[in-house]
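Note sheet for the following structure.
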2 protein chains.
Amino acid sequence: MNDREKALIEAKANVLKALGHPTRLWMAEQLAGGEKCVCELAENIDADFSTISKHLSLLKQAGVVIDEKRGKQVYYRLKVPCILNFMPCIEAVLQATAQTHIDLMEHKRVAGQIDVL
Amino acid sequence: MNDREKALIEAKANVLKALGHPTRLWMAEQLAGGEKCVCELAENIDADFSTISKHLSLLKQAGVVIDEKRGKQVYYRLKVPCILNFMPCIEAVLQATAQTHIDLMEHKRVAGQIDVL
DNA sequence: TTTACATTTGGTTGTTTTACCAAATAAGCA
DNA sequence: TGCTTATTTGGTAAAACAACCAAATGTAAA
């Protein structure tokens, strides 16, 4: 792997990492419905304003959102809306995992191993 | 946001976080081409075997991959192949960011501000 | 049944992330 | 102008992460 490839994969990982936090992912999902100001987002997040601001700034620096100040408020919106197209697939991962757990449990029952635990 | 929604968003963020590391993202991309054993992946990664193993185990715990031991080797594969479908969109984010930088620089030139920096 | 190989686990350390508080900044309004 | 509201920035402590080394495990082959 050469330097260019390495830089590319790092950049991509960085975008995914930005979305890899519950608060930030939630924010991105909210913004999929259109731009919101910080205060609107904050209404539904139980965290300090400064924390919220830092999450937004991280999303911005990762290139996921852009901000625009209008009057007293700052509005954020998704820079590239496709960013949430893959949620169905992420959910499929979760479902596959859940199914694995169910299968495991059912095997246990079949084998009668629950009783001995 | 209720508990169930909270748990769901945390689970989804966890999958994204798992992919949000260059080594792990690279591994996932490799596995998109079919299963590989640890040693095959390791060939192209400059890190301790134990580090590699831990990255794989994190991907597994996030539900992104599954492993199977065959003989002396352990083979990993993507559990839900769609997981990489969104790379084009991630790349679009990077490109949008790059474009912003280019625009910024061009404005600077137009305004002749480079000289005064 | 030793020996060698492939991989994982446990422990440690340095780095990064996250959250909070307090203080700074920026804009509109009295 | 001075006040209030909206948001960001700086500092700090606690938690999580990533990498390494050494040691353990499981499997195959000698």
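Only heavy atoms go into these numbers, but all of them, side chains included; no hydrogens, no water, no symmetry mates. Residue numbers start from 1 in every chain, and the chains themselves are labelled A, B, ... in the order their sequence lines are given, proteins ahead of strands. Everything numeric here is computed off the predicted structure, so don't read it as measured data.
Checked by atom type and distance alone, the side chain of A/R24 pairs as donor or acceptor with a backbone atom of A/A18 at under 3.5 Å.
In the region residues 7-25 of chain B, proximity to DNA chain C at under 4.0 angstrom, judged on heavy atoms, holds for none of the residues.
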Handout entry: Test log, rule side chain to side chain contact (heavy atoms under 4.5 Å, CB included), inputs A/K6 and A/E10
Key = CA-CA 6 Å; A/K6 200 171 294 187; A/E10 274 173 21; 3.9 Å; yes
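Taking only side-chain nitrogens and oxygens, B/S53 comes nearer than 4.0 Å to OP1 or OP2 of C/dT8. Contact annotation: B/H55 side-chain N/O to D/dA19 OP1/OP2 distance is under 4.0 Å. The phosphate of D/dA18 (OP1 or OP2) has no side-chain N or O of B/T51 nearer than 4.0 angstrom.
The CZ-C1' distance, from B/F49 to D/dT25, rounds to 15 Å in whole Å. Rounded to whole angstrom, the span from the NZ atom of A/K54 across to the C1' atom of D/dA13 amounts to 13 Å. With rounding to whole Å, B/W26 atom CH2 is found 18 Å from D/dA18 atom C1'. Nucleotide C/dT18 holds its C1' atom 13 Å from the CD1 atom of A/I52, rounded to whole Å. Put simply, CD on A/E68 is 14 Å from P on D/dT7, counting in whole angstrom units. If you take CG of B/L56 and C1' of C/dT9, they are 14 Å apart, rounded to a whole angstrom. Here the P atom of nucleotide D/dT27 and the CD atom of B/Q73 are 13 Å apart, to the nearest Å. Between A/D46 atom CG and C/dA19 atom C1' the separation is 12 Å, expressed in whole Å.
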Completion exercise
Per-nucleotide protein contact along nucleotides 22-30 of chain C, 5' to 3', at a 4.0 Å heavy-atom cut-off (B base, S sugar-phosphate only, - neither), is B---SSS--
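Hydrophobic clustering of Ile, Leu, Val, Met, Phe, Trp and Tyr side chains at less than 4.5 Å, counting indirect connections, keeps B/L78 apart from B/Y75. In the hydrophobic clustering of ILVMFWY residues, with side-chain heavy atoms under 4.5 Å counting as a link, A/L58 and A/I45 come out apart.
The side chain of B/C39 has C/dT7 as its nearest neighbour among C/dG10, C/dT7, D/dT7.
Contact detail for B/F49 and B/A42: the closest heavy-atom pair is CZ-CB, 3.8 Å. When all heavy atoms of A/P22 and B/I9 are compared, the pair lying nearest together is O-CG1, 4.0 Å.
Contacts of B/Y76 with the nucleic acid, taken as non-hydrogen atoms under 4.0 Å apart, involve only primed sugar atoms and P, OP1 or OP2.
Listed by first then second residue, pairs satisfying side-chain hydrogen bond (donor to acceptor under 3.5 Å, both in side chains) with a partner in residues 29-47 of chain B read A/K12-B/E29, B/E35-B/R70, not counting sequence neighbours.
Looking at B/D67, B/V65, B/V15, B/I66 one by one, the single match for side-chain contact (heavy atoms from CB on, under 4.5 Å) with B/L59 turns out to be B/V65.
Taking CD of B/Q61 as the start and OG1 of A/T97 as the end, the distance is 9.0 Å to the nearest 0.5 Å.
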